[in-house]
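For reference, the structure discussed in these notes is given below.
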Amino acid sequence: MPELPEVETCVRGLRPYLVGQQILSLQVRERRLRWPIALETDRQVAGQSIRELRRRAKYLVLELERGALLIHLGMSGSLRLLPAPTPPALHDHVDLLLGNGQCLRLRDPRRFGMLQWVPAPAEAHPLLSHLGPEPLAPGFDGAYLHRRAAGRRAAVKTFIMDSEIVVGVGNIYASESLHLAGIHPNRAAGRIAAGRYHRLATAIRAVLEAAITQGGTSLRDFVQEDGNPGYFARCLRVYGRTGQPCAGCGEPIRQRRIGQRSSFYCARCQH
DNA sequence: CCGGACGCCTGTCGGC
DNA sequence: TGCCGACAGGCGTCCG
């Protein structure tokens, strides 16, 4: 999936084209996503205008006149804006037909994504109500992480990927942030000093902001809404670079599984 | 409460 | 060339 920078890139790119548009109808070709798209969704959103498009964690939130349409891209989802008559390809599951003749198309080969209408406000939805802070918003800092980590024995990488702790830090950016902060991904979260959490919070923000600036990491299934890949992939320092020299010290990058996810790190730079 | 494992899907890649 | 297992950006749920 798209991680936070990819979703943010998507939101920023789509916003000028979506805000103010009326939704004429929803065409669902495959409703079996992470959760089935409810049969009444078309009836609920048809005729409503899009008031605003924003991001919360990795959810896209289309604020409508009544309620909101939540979209999550899962591991392999993408959104594109196309002329309405464009014939759908394999895995193009949902079309949102707009008043200006455009079509917002959701493609998701693995079907881990979701699309759901909720009565306002979106934050009341059970999937959003327990989410932790946004990493790029005020209030997310080293003191917060240090406090939440107290007594935790889980690996710090697993800890920062927990969306109740902080949202939007996926598998790529968790490895990247820990490398930048000089922290070993397998270190117990509760055994890291406050000063090092300050470095980690700063690193998380820096990595995410850099990725957003670059338009999101280019990976197999991600394209921006205009179809162009992002350019952050070339900036990755450890993710997917097993055996290649660490940019800081030259030591080969190591790979191991932490919490059932591949993790990349430098054993010399990260402790 | 916490942490670890599992499952949901399809596509791709490397090894034999 | 073909087959088969491992693995891929997420995350809710279950179990101990």
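Proteins get letters first, then strands, A, B, ... in listed order; numbering begins at 1 in each. Side chains included, hydrogens not; waters and symmetry mates left out as well; all remaining heavy atoms used. Everything numeric in this text was worked out from a predicted model, so none of it was measured.
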Less than 4.0 angstrom between a side-chain N/O of [X] and OP1 or OP2 of [N], yes or no?
| X | N | answer |
| --- | --- | --- |
| A/R261 | C/dG9 | yes |
| A/H72 | C/dG10 | no |
| A/H91 | B/dG11 | yes |
| A/Y239 | C/dG9 | yes |
| A/K58 | C/dG9 | no |
| A/R111 | B/dT10 | yes |

Query - side-chain hydrogen bond (donor to acceptor under 3.5 Å, both in side chains) involving A/N171 - partner list, sequence neighbours excluded - result: A/K157
Query raised in the report: What stems, by residue range, does DNA chain C take part in, given at least 3 consecutive Watson-Crick or G-U pairs under 3.5 Å?
Result: B:2-8 with C:10-16, B:10-16 with C:2-8
**Report entry** C/dC3 and B/dC9, which share atom name P, separated by this distance in whole Å
**Finding:** 24 Å
Query raised in the report: Distance between the P atoms of C/dG5 and B/dG7, in whole angstroms?
Result: 16 Å
Donor-acceptor pairs under 3.5 Å, side chain of residues 242-251 of chain A to any protein atom, not counting sequence neighbours: which ones?
{"residue": "A/T242", "atom": "OG1", "partner": "A/Q255", "partner atom": "OE1", "Å": "2.7"}
{"residue": "A/Q244", "atom": "OE1", "partner": "A/R241", "partner atom": "NH2", "Å": "3.1"}
{"residue": "A/E251", "atom": "OE1", "partner": "A/R268", "partner atom": "NH2", "Å": "3.2"}

Query - For A/L69, the option from A/L96, A/L53, A/V61 that meets side chain to side chain contact (heavy atoms under 4.5 Å, CB included) - result: A/L96
Identify whether any heavy atom of [X] sits under 4.0 Å from a base atom; if not, whether one sits that close to sugar-phosphate; answer base, sugar-phosphate or nothing.
| X | value |
| --- | --- |
| A/L131 | nothing |
| A/Y59 | sugar-phosphate |
| A/R107 | nothing |

From [atom1] of [X] over to [atom2] of [N], roughly how many Å is that when rounded to an integer?
| X | N | atom1 | atom2 | result |
| --- | --- | --- | --- | --- |
| A/L60 | C/dG10 | CG | P | 15 Å |
| A/N171 | C/dC11 | CG | C1' | 12 Å |
| A/K157 | C/dC11 | NZ | P | 13 Å |
| A/I258 | C/dG9 | CD1 | P | 13 Å |
| A/M114 | B/dC9 | CE | P | 16 Å |
| A/I160 | C/dG9 | CD1 | C1' | 15 Å |
| A/Y173 | C/dG10 | OH | P | 10 Å |
| A/R110 | C/dA8 | CZ | C1' | 5 Å |

Qualifying side-chain hydrogen bond (donor to acceptor under 3.5 Å, both in side chains) pairs, either residue in [range], two or more places apart:
| range | value |
| --- | --- |
| residues 132-146 of chain A | A/R55-A/E134, A/R56-A/E134, A/Y144-A/R148 |
| residues 174-197 of chain A | none |
| residues 35-45 of chain A | none |

Solution key, residues 115-122 of chain A side-chain donor-acceptor pairs under 3.5 Å, sequence neighbours excluded:
{"residue": "A/Q116", "atom": "NE2", "partner": "A/H125", "partner atom": "NE2", "Å": "3.2"}
{"residue": "A/W117", "atom": "NE1", "partner": "A/R66", "partner atom": "O", "Å": "3.4"}

Report task. Evaluate whether the aromatic ring of A/F112 and the six-membered ring of the C/dC11 base sit under 5.5 Å apart, centre to centre, with an inclination under 30°. Result -> no
Report summary line: For A/V166, the side chain to side chain contact (heavy atoms under 4.5 Å, CB included) test, sequence neighbours excluded, returns A/P135, A/F140, A/V169
Query raised in the report: Shortest non-hydrogen contact from A/R152 to A/D162?
Result: NH1-OD2, 3.9 Å
Where do N or O atoms of nucleotides 4-7 of chain B meet protein N or O atoms at under 3.5 Å, pair by pair?
{"residue": "B/dA5", "atom": "OP2", "partner": "A/Q260", "partner atom": "OE1", "Å": "2.4"}
{"residue": "B/dA5", "atom": "N7", "partner": "A/Q260", "partner atom": "NE2", "Å": "3.3"}

Requested in this report: Please check if the side chain of A/R107 supplies one atom and the backbone of A/H91 the other of a donor-acceptor pair under 3.5 Å.
Outcome: no
